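Quantities reported herein were computed from a predicted structural model and do not represent experimental measurements. In each ligand, atom 1 is the first atom listed, and ligand 1 is the first ligand listed.
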Amino acid sequence: MRIVVLTGAGVSAESGVPTFRDADGLWEGHRVEDVATPEGYDADPGLVHAFYDARRAALADVAPNPAHLALGRLEAVLGHDLTIVTQNVDDLHERGGAHHVLHMHGELLSAWCRACGHRFRWEGTLADRPACPGCGVSELRPDIVWFGEMPYEMDRISAAIAEADLFVSIGTSGAVYPAAGFVIEARARGIRSLEINLEPSEGTHWFDEARHGKAGDLVPRWVDEVLGRL
Ligand SMILES: [Zn+2]
């Protein structure tokens, strides 16, 4: 049984992580244009660094919820037959016991050097412009995929979907491409699909089955069903 799970903001939101898809269109009081685009970074790198430094520090205040923990349990049994793809930039899947997570929108705990191109695990701050551990130049930026940039791991994600028996989307609005297109890709290949979301997503009609409610309730139940069938 090969499964691809896509997770989105809804899963992190249940752990109390603020997201930028909230009703006012702001992310912790900032316009996404200012803090989540390359243009915003070029215009005011200090503001952008301070913003992500705060988000990185705030990871200490949140914990994985039952949905993260259930996916960790599933990975422990399925191993590489489970591919977790996330749009989230926090580390809650990893702290929930999953070790092979494709972060298509980057990670708060990673820094990317604009001088040498290398990426480094990063737990500290960037606003103080630290030197790159690789090349020594002070050009580290948050390793976050901003609007207008290409998501990571698209080839691996497509390959995993092509080999999957089931595609499951959890806590995503179904509004942000390319992730919103994964279910269409699965459908075109005849792969079964399941949506788990607080409410019907914009793409809910593409799924073979949809379950609506809290991920923290529904994901552990679904994982138990899968494990019970093995
Ligand atoms: Zn460097």
Side-chain angles (χ1 to χ4, degrees), residues 4 6-9 11-12 15 17-21 26-64 68 72 75 80 83-160 172 176-179 182:
V4 174
L6 168 70
T7 67
V11 177
S12 290
S15 281
V17 176
T19 71
F20 62 90
R21 293 243 147 233
L26 300 177
W27 190 3
E28 291 285 276
H30 292 278
R31 301 190 317 151
V32 294
E33 293 88 338
D34 294 336
V35 295
T37 62
E39 294 77 16
Y41 181 69
D42 289 337
D44 192 347
L47 169 79
V48 174
H49 280 309
F51 177 78
Y52 288 97
D53 284 353
R55 304 278 75 70
R56 195 178 304 109
L59 291 178
D61 304 327
V62 295
H68 296 107
E75 193 199 77
H80 288 287
T83 301
I84 298 174
V85 179
T86 188
Q87 297 173 286
N88 301 330
V89 296
D90 56 62
D91 63 340
L92 292 174
H93 279 303
E94 287 83 356
R95 283 154 65 192
H99 302 291
H100 312 291
V101 182
L102 302 179
H103 282 269
M104 62 182 294
H105 290 166
E107 293 178 74
L108 284 169
L109 292 177
S110 178
W112 170 31
C113 176
R114 295 215 295 183
C116 70
H118 285 95
R119 298 185 155 80
F120 303 91
R121 181 172 170 88
W122 204 265
E123 296 181 359
T125 55
L126 291 173
D128 46 339
R129 301 305 182 91
C132 168
C135 70
V137 177
S138 295
E139 277 290 348
L140 293 170
R141 60 160 264 190
D143 192 8
I144 301 291
V145 176
W146 289 326
F147 288 95
E149 296 183 321
M150 190 68 76
Y152 296 154
E153 308 280 14
M154 291 304 293
D155 290 346
R156 283 175 74 188
I157 296 166
S158 282
T172 78
V176 180
Y177 282 83
F182 293 164

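Not one N/O/S atom of H118, from backbone or side chain, sits under 2.8 Å from the Zn ion (ligand 1).
At the Zn ion (ligand 1), the vertex angle linking SG of C135 with SG of C132 is 110° (nearest 10 degrees). Angle SG(C113) to the Zn ion (ligand 1) to SG(C116), rounded to 10°: 100°.
Within the cation-pi definition used here (under 6.0 Å to the ring centroid, within 45° of the axis), R56 does not qualify as a partner of Y52.
Put simply, the side chain of E149 never gets that close to the backbone of P38: no donor and acceptor are under 3.5 Å apart. No donor-acceptor pair closer than 3.5 Å links the side chain of H99 to the backbone N or O of E94.
Ion pairing of E28 with R55 is present here, as a side-chain N (NZ or NE/NH1/NH2) and a carboxylate O approach within less than 4.0 Å.
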